[in-house]
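Here is the structure we will look at.
Reminder, nothing fancy here: chain letters follow the sequence lines and each chain counts from 1.
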Amino acid sequence: MRELPKHYDPAATEGRIYQLWLDGGYFRGLADPAKKPFSIVIPPPNVTGQLHLGHAFDNTVQDILTRWKRMSGYAAVWIPGTDHAGIATQIKVEEDLRKEGLTRYDLGREAFTERVWDWKNKYGSRIIEQLKLLGSSCDWSRERFTMDEGCSAAVREVFVRLYEKGLIYKGNRIINWCPDCTTALSDAEVEHEEEPGKLWHIRYPLSDGSGYVTIATTRPETMLGDTAVAVNPKDERYSHLIGRTVKLPLTTREIPVIADDYVELEFGTGCVKITPCHDPNDFEVGQRHSLPQILIMDDNAKIINGGEKYNGLDRYDARKLIVADLTELGLLEKIEEHAHNVGKCYRCGTTVEPITSPQWFVKMEPLAKPAIEVVREGRTKFVPERFSKIYLNWLENVRDWCVSRQLWWGHQIPAWYCADCGEITVSRTDPDTCGKCGSKNIERDPDVLDTWFSSALWPFEVFGWPEKTPDLDFWYPTTVVTPGYDIIFFWVARMIFSGVEHMGDVPFRTAYIHGLVRDEQGRKMQKSLGNGVDPQEVINQYGADALRMNMIFGSSPGNDMRFVTAKCENFRNFANKLWNAARYVMMNLDREQPPERTDADRWILTKLNRLAGSMAENLEAYDLGIAAGKIYDFIYDDFCDWYIEFSKSSVNPAVLTEALSGILKLLHPFMPFITEEIWQTLYNGETALIVETYPLFDADYDSLADNQTALANIEALIASVRALRSVRAEKNVPAGTKSALFIVTDKRGLFESVERHLKKLAYVTDIEYREPDTDCVTAVIPEAKFYLPLADLVDLKAEAVKREKELAKAVSTRDSITAKLANPGFIDKAPANVVDAERERLAKAEALIRQLTV
RNA sequence: GGGAGCGUAGCUCAGCUGGUUAGAGCACCUGCUUUACACGCAGGGGGUCACAGGUUCGAGUCCUGUUGUUCCCACCA
């Protein structure tokens with residue numbers, strides 16, 4: 001047998017163990033009809049991504065579930081892959097270009113996308129390599145990329161299908177525009193932030209010179225695009241103005257005063273400027289009243305169509321100038337402080353501009369309806385349940401999804417415009433001619449699709465859809481996905497409606513939603529704050545197993561967690577504890593085997609069996625933190641503190657090994673590296689732990705009479721040792737000082753069977769079952785009273801005081817239980833096992849009182 | 001304007017379907033080279049579970065309200 005070093009060294013182990021798994025092909029998922037399917041698709045990280053703690057958390061959860069199911073006999077597969085991340089990746093490459101003094105326009109579309117592919121091929125696997133450091137047991141042979149051939153085919157198929165069904169359309173509608181990324185964004189990609197702002201009150205003179213109306217606005221620059229002023233039809237202050245016109249200051253235009261319910265009477269002045277091209281509400285008002293549309297900003301949010309003076313100005317410069325000009329004209333009535341919500345681009349943080357623009361939209365209502373149904377019916381369950389409300393609420397109110405992006409990196413929209421007849425041809429294969437008039441004068445839409453359009457198809461495209469593949473048949477719907485709550489809208493909801501629409505079934509049975517990883521102060525981890533913790537450094541310092549346990553231990557489903565690096569130390573220590581326990585086991589393998597199993601042997605195996613049962617319940621319920629806590633406690637308390645200590649006075653190497661291997665199996669999904677390493681040593685590399693069978697609860701074994709007896713005996717032994725150690729510590733008895741022990745008990749058999757342990761663990765020389773002749777230090781448990789003849793330490797008075805205290809406590813416990821049991825309500829309504837437990841407690845309290853009053 | 005989470009030991013957090021004396025890690029105190037581990041062992045101190053009501057035989061756990069805090073959604077310019 002190999003000598004193990006005194007300390008576990010993760011850095012020297014993890015790479016070797018990971019390679020062992022790879023070489024063994026253990027991650028490979030095979031659609032074996034003899035087994036039950038278990039499948040997870042990874043939330044594909046961005047190709048531009050660097051491993052952060054969010055990934056670490058997410059992937060630990062997935063790996064625990066996958067390893068557990070794999071060991072439980074499922075045909076388990078975990079599909080990895082990456083997302084092309086349209087905006088993020090394009091920005092990255094454009095930044096590189098800028099260093100060379102170039103823009104993407106200098107290269108042109110083809111050369112530019114080629115360059116992005118180069119970048120992807122060079123750096124795109126970085127995040128994948130980092131995931132491996134965590135121990136992720138993904139089936140790497142199935143790694144996918146959202147822009148690989150298969151995924152691209154799936155995207156195209158979906159686009160065409162939806163178009164043919166009338167669920168994708170092109171329209172000139174108001175969208176969110178990021179002037180920095182120069183692309184449209186979906187509603188979900190806009191983050192609203194409250195900001196201090198101003199409410200400018202501006203006078204619009206009536207055309208007939210009879211006065212003016214005062215409007216209030218937070219964005220005065222948009223007045224250049226005003227095409228009306230609106231008031232509420234019920235507003236008597238302004239009813240006389242309806243139908244008249246006002247002169248739009250700073251322009252030569254005259255615009256009408258209209259009436260619309262949208263205007264609030266109480267807010268501002270009760271008069272609203274209407275800018276159909278730059279405000280979603282105004283857009284709708286404009287539709288209702290057939291107002292002209294005047295677009296006053298270009299792609300970079302610079303003024304156009306605003307007159308010579310303002311054209312070309314940035315929107316904020318224009319605002320300053322316009323406010324100054326209005327002031328000069330005496331048309332600025334007042335400025336109020338006004339906090340309001342501002343939409344920001346979720347990628348770059350730039351304030352988005354609502355503008356009208358011709359874009360492609362997915363019609364949401366017909367897709368949302370069935371997606372709402374499947375969750376209501378429980379065909380997909382959210383864990384924790386509360387997230388289903390967030391999901392439902394979003395889908396119930398969702399507006400059409402703007403899917404076109406003015407980027408070059410992504411899935412180019414398969415639509416061709418005919419210059420001759422204006423027809424749009426949408427096709428599965430690239431057309432040469434217009435589908436309507438046959439003209440060759442056609443041009444492809446330059447835009448690409450929202451990145452989330454392809455990730456929405458992830459759970460079926462990775463199995464080969466639109467082909468009908470055996471894998472798809474076997475593993476779809478997938479078992480579970482594990483995203484953070486921050487991507488419920490982006491990803492979870494869109495996967496569900498896409499799965500239901502294209503596969504006719506939900507994409508996953510369970511959406512296990514987890515919280516976000518925050519820093520020690522509870523802040524989000526952000527580059528700009530510099531508070532990010534690099535998981536790779538943590539792994540280097542403490543080991544991947546320690547990092548994994550840190551993420552899982554003490555976390556609860558759906559809740560955020562603070563990452564405290566120091567906590568890793570605890571789990572490094574835990575790993576070392578297990579390591580040394582294993583060392584101990586292996587050092588004792590050659591010892592002589594006693595003929596029978598002792599109570600201690602039966603005790604540890606019975607407890608281990610129960611542990612398997614209760615951990616299974618927690619794992620089934622996705623309570624990973626609780627399961628982790630239980631195996632942790634078992635290893636520290638039951639196995640190391642007690643069983644190994646028992647084994648020092650009477651060792652059964654077979655049981656020692658049996659218990660250790662059970663522990664290794666149960667712990668493996670959580671701490672795969674160290675458990676496999678120990679397993680390899682313990683069994684000389686003959687088998688791999690990763691494909692061993694996960695322990696199940698055995699009810700028959702649990703109910704064996706010998707095991708039940710062993711449990712009772714060992715629990716009494718533990719209580720005895722604790723009581724004796726406690727009293728010795730209290731009296732400051734030096735550890736080296738041993739003494740005889742007198743036991744007064746009517747359950748002599750209970751102690752006779754464990755005398756060896758009692759002597760060893762409580763520093764006892766001889767045991768006698770009688771009252772001692774001299775004054776003694778005493779300790780009491782319900783089953784017995786103990787006397788330690790440590791004459792010079794005995795303080796009779798102190799002993800008496802201590803006994804009195806204990807007695808008082810025992811009496812109060814007894815009385816409260818007695819009262820409880822005398823309560824007919826309790827006896828009638830409490831479940832039998834609870835009543836029994838109380839009766840047992842009472843018996844113990846009474847026994848303790850008896851011992852104390854002997 | 002709606003909705004949700006959180007408030008438990010000095011700190012970071014568990015506490016699953018209500019049921020013993022509310023737990024863990026770190027920190028703190030007292031001992032200890034006990035033949036696996038000082039990345040250790042033994043013993044110990046520390047909590048009126050935010051507050052107020054209610055349901056119940058029984059509430060940290062369920063309900064209502066208050067308060068603090070964080071977040072999400074929403075078209076009052």
Side-chain angles (χ1 to χ4, degrees), chain A residues 4 6-8 192 199 215-219 222 230 262-269 271-275 279-284 338 340-341 354 384 386-387 389-390 393-394 397 485-486 488-489 515-516 520 522 542 553-564 566-567 569-588 614 617-618 621 623 625-627 629 632-633 636 640-641 644-645 648 722 725-730 732-736 760-761 763 809 813 817 820 823-831 833-835 837-838 840-841 844:
Chain A
L4 290 179
K6 210 168 153 184
H7 290 307
Y8 171 60
H192 294 276
L199 199 55
I215 58 91
T217 179
T218 54
R219 297 188 299 152
T222 62
Y262 149 69
V263 182
E264 298 280 330
L265 287 121
E266 282 81 28
F267 191 85
T269 61
C271 296
V272 189
K273 60 193 274 310
I274 300 297
T275 321
D279 183 282
N281 299 310
D282 294 7
F283 181 79
E284 281 170 24
H338 177 69
H340 64 135
N341 274 326
R386 64 184 144 92
F387 289 109
K389 271 184 268 173
I390 294 175
N393 183 54
W394 187 73
N397 300 295
Y485 59 71
D486 53 335
I488 290 176
F489 307 143
L516 273 28
E520 300 199 13
Y542 301 101
F553 193 95
S555 74
S556 54
N559 289 346
D560 290 355
M561 58 173 305
R562 296 189 194 197
F563 188 85
V564 181
K567 213 173 135 191
E569 208 169 298
N570 175 230
F571 295 106
R572 180 205 53 190
N573 295 353
F574 173 59
N576 200 238
K577 184 76 180 175
L578 175 65
W579 182 254
N580 277 288
R583 259 180 86 211
Y584 174 84
V585 171
M586 290 186 232
M587 288 163 79
N588 284 286
S614 82
E617 281 176 26
N618 300 137
D623 282 323
I626 295 174
Y632 178 93
D633 286 345
Y636 259 113
C640 292
D641 290 351
I644 284 185
E645 293 308 318
K648 286 175 183 172
R722 285 212 168 112
R725 279 177 181 168
S726 183
V727 72
R728 283 172 59 97
E730 220 169 87
N732 291 319
V733 182
K760 171 95 182 166
L761 299 177
Y763 312 99
K809 203 176 160 190
T813 305
I817 303 172
K820 205 180 216 182
N823 181 342
F826 178 70
I827 301 292
D828 294 348
K829 293 177 184 172
N833 63 321
V834 172
V835 176
E838 287 300 315
E840 227 168 89
R841 261 185 83 209
K844 277 208 168 181

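Where Val263(A) and Val834(A) meet RNA chain B, the nucleotide closest to each residue was compared, and Val834(A) sits on the side nearer the 5' end. Nearest-nucleotide positions on RNA chain B place Lys389(A) closer to the 5' end than the other of Lys389(A) and Arg841(A).
Listed candidates were rA77(B), rA4(B), rG40(B). Nearest to the side chain of Thr217(A) is rA77(B). Distances from the side chain of Ala729(A) to the nucleotides rA77(B), rG40(B), rG43(B) place rG43(B) closest. When the nucleotides rG40(B), rA74(B), rA14(B) are ranked by their closest atom to the side chain of Ser556(A), rA14(B) comes out on top. Comparing rA36(B), rU21(B), rA77(B) by their closest approach to the side chain of Glu264(A) singles out rA77(B). Candidate nucleotides rA36(B), rU12(B), rA77(B) were compared by shortest atom distance to the side chain of Ala581(A), and rA36(B) ranks first. In this structure, the nucleotide among rC73(B), rU34(B), rA77(B) sitting nearest to the side chain of Tyr763(A) is rU34(B).
Within the nucleic acid shown, Pro831(A) comes within 4.0 Å of at least one base atom, counting heavy atoms only. Using a 4.0 Å heavy-atom cutoff across all strands shown, Asp560(A) reaches no nucleic acid atom at all. Counting non-hydrogen atoms under 4.0 angstrom, Ala830(A) reaches a base of the nucleic acid. Base contact: Asn341(A) has a heavy atom under 4.0 Å from a base atom. Using a 4.0 Å heavy-atom distance criterion, Gly625(A) is classed as making no nucleic acid contact. Contact annotation for Ala566(A): no contact, since no heavy-atom pair falls under 4.0 Å across all strands. Here Val835(A) lies out of heavy-atom contact (under 4.0 Å) with every strand. No contact: Lys273(A) has no heavy atom under 4.0 Å from any strand. Contact annotation for Ile827(A): no contact, since no heavy-atom pair falls under 4.0 Å across all strands. Residue Asn618(A) is in base contact, counting any heavy-atom pair closer than 4.0 Å across all strands shown.
One can place CZ of Arg722(A) at 6 Å from P of rG43(B), the figure rounded to the nearest angstrom. The separation between Asn580(A) atom CG and rC37(B) atom P is 6 Å, rounded to whole Å. Across the protein-nucleic acid pair, Trp394(A) atom CH2 and rA74(B) atom P stand 9 Å apart, rounded to whole Å. Distance, Phe489(A) CZ to rC72(B) P: 10 Å, rounded to whole Å. rC13(B) atom P lies 18 Å from atom CG of Asp623(A), rounded to whole Å. Distance CE (Met587(A)) to C1' (rC37(B)): 11 Å, rounded to an integer number of Å. rG3(B) atom C1' lies 15 Å from atom OH of Tyr485(A), rounded to whole Å. Straight-line distance from the CZ atom of Arg728(A) to the C1' atom of rU30(B): 15 Å, rounded to whole Å.
Listed for the Asp623(A) side chain is no donor-acceptor partner under 3.5 Å among the backbone atoms of Asn618(A). Using modelled atom types, one side-chain atom of Asn580(A) and one backbone atom of Lys6(A) make a donor-acceptor pair closer than 3.5 Å. Looking only at distances, a side-chain donor or acceptor of Asp560(A) sits under 3.5 Å from a matching main-chain atom of Leu516(A). Side-chain atoms of Asn397(A) come within 3.5 Å of backbone N or O of Asn393(A) as a donor-acceptor pair.
In this model, no side-chain donor or acceptor of Asn570(A) finds a partner on the base of rC26(B) within 3.5 Å. Remark: the Glu645(A) side chain and the rA42(B) base include no donor-acceptor N/O pair separated by less than 3.5 Å.
Look at Lys6(A) and you'll find a side-chain N or O under 4.0 angstrom from OP1 or OP2 of rA38(B). When the side-chain nitrogen and oxygen atoms of Arg725(A) are compared with OP1 and OP2 of rG44(B), none of them lie within a distance under 4.0 Å. Phosphate contact (OP1/OP2 of rG40(B), side-chain N/O of Asn573(A), threshold under 4.0 Å): present. At the phosphate of rA4(B), neither OP1 nor OP2 sits under 4.0 Å from any side-chain N or O atom of Arg386(A). At the phosphate of rU35(B), neither OP1 nor OP2 sits under 4.0 Å from any side-chain N or O atom of Lys760(A). Taking 4.0 angstrom as the limit, Arg562(A) places a side-chain polar atom (N or O) nearer than this to OP1 or OP2 of rC13(B). Thr218(A) has no side-chain polar atom (N or O) that falls below the 4.0 Å cut-off from OP1 or OP2 of rA77(B). Side-chain N/O atoms of His338(A) include none lying less than 4.0 angstrom from OP1 or OP2 on rC76(B). In this model, the phosphate group of rG44(B) is approached by a side-chain N or O of Ser726(A) to a distance below 4.0 Å at OP1 or OP2.
In RNA chain B, the stems built from three or more successive Watson-Crick or G-U pairs (distances below 3.5 Å) are B:1-7 with B:67-73, B:10-13 with B:23-26, B:28-32 with B:40-44, B:50-54 with B:62-66.
To the nearest whole angstrom, the two P atoms, one in rU64(B) and one in rA9(B), are 25 Å apart. Straight-line distance between the P atoms of rG58(B) and rG31(B): roughly 47 Å, to the nearest whole Å. Taking atom P in both rG1(B) and rG60(B), the straight-line distance is 35 Å, to the nearest Å. Between the P atoms of rG5(B) and rG47(B), the separation comes to 30 Å (whole Å). Taking atom C1' on both nucleotides, rC72(B) is separated from rC26(B) by 33 Å, rounded to a whole Å. rU69(B) sits 41 Å from rA42(B) when the C1' atoms are compared, rounded to a whole Å. Taking atom C1' on both nucleotides, rU66(B) is separated from rG7(B) by 14 Å, rounded to a whole Å. One C1' atom belongs to rU67(B), the other to rA24(B), and the distance between them is 29 Å to the nearest Å.
Put simply, the side chain of Arg725(A) reaches to within 4.5 Å of the side chain of Leu761(A), judged on heavy atoms. Considering only heavy atoms from C-beta on, Lys273(A) comes within 4.5 Å of Thr222(A) through its side chain. Considering only heavy atoms from C-beta on, Asp279(A) comes within 4.5 Å of Arg219(A) through its side chain. Inter-residue side-chain proximity for Lys844(A) and Thr813(A) is flagged as unmet; no heavy-atom pair is nearer than 4.5 Å.
Stacking is not found between His7(A) and the pyrimidine-like six-membered ring of the rC37(B) base under the 5.5 Å centre-distance and 30° plane-angle cut-offs.
A cation-pi contact, defined as under 6.0 Å to the ring centre and within 45° of the axis, links Lys648(A) to Tyr584(A).
Relative orientation of the His338(A) and Phe267(A) rings is perpendicular, given thresholds of 30° and 60° on the angle between their planes.
Summarising the local packing, CD of Glu840(A) is surrounded by 12 or fewer heavy atoms from other residues, nucleotides or ligands at distances under 6.0 Å.
Within the model, atoms CD1 of Ile827(A) and NZ of Lys820(A) stand 10.5 Å from one another, a figure rounded to the nearest 0.5 Å.
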